[in-house]
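Shown next, in structure tokens, is the structure this report addresses.
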Amino acid sequence: EQLQTQNLSIPPGAHIDYTFPQLFFYKPNLWWPNGMGKQSLYNVAITVEVKGYGESDSWSHQFGFRQIGSTIDNATGGRLFKVNGQPIFIRGGNWILSDGLLRLSKKRYQTDIKFHADMNFNMIRCWGGGLAERPEFYHYCDIYGLLVWQEFWITGDCDGRGDPVSNPNGPLDHDLFLICARDTVKLLRNHPSLALWVGGNEQTPPDDINKALKNDLKLHPYFESLNELSSTF
Amino acid sequence: MAELGKTELDSGWLAARSTEVDLTGIQLTTTHPPSLNSSSSPWMEAVVPGTVLGTLLKNKLIPDPFYGLENDAILDIGDSGRDYYTFWFFTTFKCAPSGNQHVDLNFRAINYSAEVYLNGHKKILPKGMFRRHSLDITDILHPDGQNLLAVLVHPPDHPGNIPPKGGQGGDHEIGKDVAAQYVEGWDWMTPIRDRNTGIWDEVSIYVTGPVKIADPHLVSSFFDNYERVYLHATIELENRNDWVAECSLIIHVTTELVENACLV
């Protein structure tokens with residue numbers, strides 16, 4: 001579909017960000033959730049070659065073209081989702097983790113997630129008291145068309161409620177929470193199944209964490225202005 | 001010259017309770033590597049990635065916590081103290097990079113903090129169950145022989161205590177840490193005795209040339225009712241050498257039309 005090469009000089013010891021010129025696709029096969037269409041995936045491979053050395057590093061990923069949006073419905077208070085402009089009736093399953101001893105094999109993930117798809121679900125919600133799920137989990141959600149609602153590690157019971165009442169300002173180290181959150185986002189953000197980040201379970205994180213998460217996860221202004229369809233979400 | 005890319009370290013691991021090991025991390029990774037030779041050895045085969053309980057279960061040192069009421073027979077960290085579930089993990093690997101190659105040791109997640117020793121060199125991994133750690137080990141590798149890797153893994157700082165009647169998140173202490181909170185037990189789950197302490201996700205070594213790619217970000221934008229679509233790709237690049245790297249960056253997008261046939 002696309003092959004593009006760019007040349008670049010990187011100073012000694014430098015750590016830089018580089019953005020490729022945008023790649024154009026005419027009517028690509030879109031990625032759809034389970035029951036709405038195919039889960040079309042494109043392989044994106046990026047390679048860096050260094051003059052006089054040859055291939056230096058490479059990366060590849062299964063990428064799906066899809067646009068997911070959601071809003072709170074004023075009439076019902078429920079969250080309405082659209083995928084690729086089409087409203088979707090969410091049929092979801094709650095997920096904590098695959099195994100309490102964290103024996104998280106690919107085969108186990110595949111079996112569990114295919115089972116959700118076979119049940120005609122189209123979303124899995126990863127509960128805030130459990131894990132930020134692993135790339136292998138997301139891989140099979142990409143394959144089987146399960147949207148993922150991923151919560152960060154806040155629960156009402158451990159962060160503000162319970163008996164005795166727990167600390168609403170938890171965790172103790174807010175900077176550490178944000179370090180972990182930002183790194184988790186970087187680990188998972190390219191998966192087409194990733195639909196929604198949520199601060200926690202039945203509770204919002206402390207104000208400073210909540211504001212930082214909202215700020216870091218909002219749509220970049222470049223895409224806000226670029227994307228003419230964003231207003232439909 | 002080592003092959004570029006990732007090699008998972010998911011076999012050959014040993015583990016031992018830290019209180020039963022008298023050696024330091026430096027000794028374990030230089031003069032006194034552990035072995036299973038003696039029956040009195042505290043070392044056992046380990047599950048990596050996995051948790052301490054997973055390793056203890058593999059070695060039949062605890063009953064299966066998910067069978068009947070057998071979880072009650074396993075000592076809870078709230079009663080034992082954190083040292084009881086502080087464990088050493090040890091393995092060896094070979095890697096022989098050439099002059100312009102660089103090698104990283106990557107942990108995709110550890111619960112909760114760790115000290116890493118490689119060939120006698122110590123590195124500290126900071127706290128947090130949900131973060132990656134990447135260590136540049138190029139200069140401390142033994143390119144012509146075995147590399148000895150030991151990791152001392154500490155449980156969460158606030159594992160908490162489980163009230164007699166259980167309850168949602170036990171005594172809630174785990175909420176002080178950035179870790180999974182279900183481990184103190186919930187209405188659907190018994191407490192996890194080690195609070196999921198361990199090297200619970202992938203460990204790997206990763207070989208690159210002079211320039212390394214990190215954290216690519218792919219975003220698409222849509223126009224004309226999804227007829228016109230753009231892919232935006234951003235990457236981080238690190239030149240790890242003391243000379244200017246003249247690079248060619250290649251991005252290649254393919255889709256499989258039928259099995260093993262791609263349109264380019």
Side-chain angles (χ1 to χ4, degrees), chain A residues 1-12 14-20 22-25 27-28 42-51 53 56-57 59 63 65 67 100-103 129-132 155 157-159 162 166 170-172 176-177 180 183-184 186 190 226-229, chain B residues 4 50-51 53-54 100 127-128 130-132 168-169 172 174-178 180-182 192 196 200-201 208-213 215-218 220-223 226-227 229-239 241-255 263-264:
Chain A
E1 291 279 335
Q2 283 281 3
L3 177 62
Q4 191 184 93
T5 302
Q6 302 290 324
N7 295 316
L8 184 69
S9 295
I10 307 178
H15 192 142
I16 64 165
D17 284 346
Y18 177 78
T19 300
F20 285 91
Q22 60 189 23
L23 300 176
F24 171 67
F25 292 80
K27 282 190 178 177
Y42 289 74
N43 187 56
V44 179
I46 297 173
T47 305
V48 55
E49 294 178 355
V50 177
K51 189 175 178 182
Y53 176 84
S56 179
D57 197 5
W59 174 89
F63 182 73
F65 291 102
Q67 188 181 40
L101 300 186
L102 306 187
R103 296 166 291 193
L131 302 180
T155 68
D157 292 281
C158 288
D159 303 289
S166 51
L172 295 181
L176 173 59
F177 187 97
C180 288
D183 198 57
T184 298
K186 286 185 175 180
N190 294 317
L226 183 76
N227 195 338
E228 65 179 20
L229 292 172
Chain B
L4 294 177
T51 65
L53 277 195
N100 283 320
K127 299 172 182 178
F130 303 109
R131 65 191 298 182
R132 295 168 294 173
Q168 306 286 79
H172 317 306
I174 194 71
K176 292 179 176 175
D177 295 336
V178 183
Q181 299 186 353
Y182 85 97
I192 304 294
N196 279 160
W200 69 277
D201 199 8
T208 69
V211 175
K212 176 186 170 187
I213 297 171
D215 291 330
H217 190 193
L218 305 176
S220 44
S221 57
F222 303 90
F223 301 86
Y226 301 93
E227 283 193 355
V229 176
Y230 295 92
L231 176 64
H232 310 260
T234 296
I235 56 175
E236 295 174 27
L237 292 163
E238 184 181 1
N239 179 4
N241 288 277
D242 54 4
W243 38 269
V244 175
E246 301 294 341
C247 300
S248 295
L249 302 175
I250 302 149
I251 184 166
H252 186 191
V253 184
T254 57
T255 184
L263 176 70
V264 178

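The minimum heavy-atom distance linking A/G100 with B/I192 is given by the pair O-CD1, 3.9 Å. Here the closest non-hydrogen pair linking A/P171 and B/K176 is CB-O, 3.5 Å. Across all non-hydrogen atoms, the minimal contact from A/C158 to B/Q181 is CB-OE1, 3.2 Å. B/I213 and A/I46 get closest at one heavy-atom pair: CD1-O, 3.8 Å. Scanning both residues, B/F130 and A/G130, for their nearest heavy atoms gives CZ-O, 3.7 Å. Taking both residues in full, the closest heavy atoms of A/L176 and B/R131 are given as CD1-NH1, 3.4 Å, listed atom of the first, atom of the second, then distance.
Interface remark: B/D177 contributes backbone atoms only to the contact with chain A (heavy atom separation under 4.5 Å). Using a 4.5 Å cut-off between heavy atoms, A/D159 contacts chain B through its side chain alone, with no backbone atom that close. Interface residue A/A45: backbone and side-chain heavy atoms are both found under 4.5 Å from chain B. Looking at A/Y53, the atoms closer than 4.5 Å to chain B (heavy atoms on both sides) all sit in the side chain, from C-beta outward. In this structure, the portion of A/F63 lying under 4.5 Å from any heavy atom of chain B is its side chain and not its backbone.
B/N239 places a side-chain N or O within donor-acceptor distance of the main-chain N or O of A/P11, the cut-off being under 3.5 Å. A/H15 places no side-chain N or O within 3.5 Å of a backbone atom of B/E236 that could act as its donor or acceptor partner. Distance alone, capped at 3.5 Å, is enough to place a donor-acceptor pair between the A/N190 side chain and the B/P216 backbone. Proximity of a side-chain donor or acceptor of A/S56 to a complementary backbone N or O of B/V211 within less than 3.5 Å is detected.
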*Could you walk me through whether B/H252 and A/T47 pass side chain to side chain contact (heavy atoms under 4.5 Å, CB included), step by step?*
CA-CA 8 Å; B/H252 186 191; A/T47 305; over 6 Å; no
*Checking side chain to side chain contact (heavy atoms under 4.5 Å, CB included) for the pair B/L4/A/D57: CA distance, chi angles, key distance, verdict?*
CA-CA 7 Å; B/L4 294 177; A/D57 197 5; over 6 Å; no
*Does the pair A/V50 and B/N241 meet the rule for a side chain to side chain contact (heavy atoms under 4.5 Å, CB included), with working shown?*
CA-CA 12 Å; A/V50 177; B/N241 288 277; over 6 Å; no
*Test A/Y42 against B/L231 for side chain to side chain contact (heavy atoms under 4.5 Å, CB included), laying out the working first.*
CA-CA 11 Å; A/Y42 289 74; B/L231 176 64; over 6 Å; no
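Salt bridge status for B/R132 with A/D183: present, with a side-chain N to carboxylate O gap under 4.0 Å.
Here the CD1 atom belonging to A/I16 is positioned 8.0 Å from the CD1 atom belonging to B/I235, to the nearest 0.5 angstrom. Atom CD of residue A/Q2 and atom OG1 of residue B/T254 lie 11.5 Å apart, to the nearest 0.5 angstrom. Distance CD/A/Q6 to SG/B/C247: 12.5 Å, rounded to 0.5 Å. To the nearest 0.5 Å, the span separating OG1 on B/T51 from CZ on A/R103 amounts to 7.5 Å. If you take CG on A/D157 and NE2 on B/H172, they are separated by 6.5 Å, rounding to the nearest 0.5 Å. Separation of atoms CG (B/L237) and CD1 (A/I10) is listed at 4.5 Å; rounding is to 0.5 Å.
Contact count versus chain B (heavy atoms, under 4.5 Å) is highest, among A/S166, A/G170, A/G162, for A/S166. Contacts with chain A were tallied for B/E227, B/K212, B/Q168; B/E227 has the most, counting heavy-atom pairs under 4.5 Å. Interface summary for chain B: among A/V44, A/D17, A/L8, A/T184, the most heavy-atom pairs under 4.5 angstrom belong to A/L8. For chain A, the option among B/V178, B/V244, B/V229 with the highest count of heavy-atom pairs below 4.5 Å is B/V229.
Every residue two or more places apart in sequence or in another chain that forms a ring-ring contact (aromatic ring centres under 6.0 Å, His included) with A/F25 is listed here: A/F65. Scored by the ring-ring contact (aromatic ring centres under 6.0 Å, His included) test, A/W59 finds A/H61 as partners (sequence neighbours excluded).
Residues A/S9 and B/E246 form a side-chain contact, since some pair of their non-hydrogen atoms from C-beta on lies under 4.5 Å apart.
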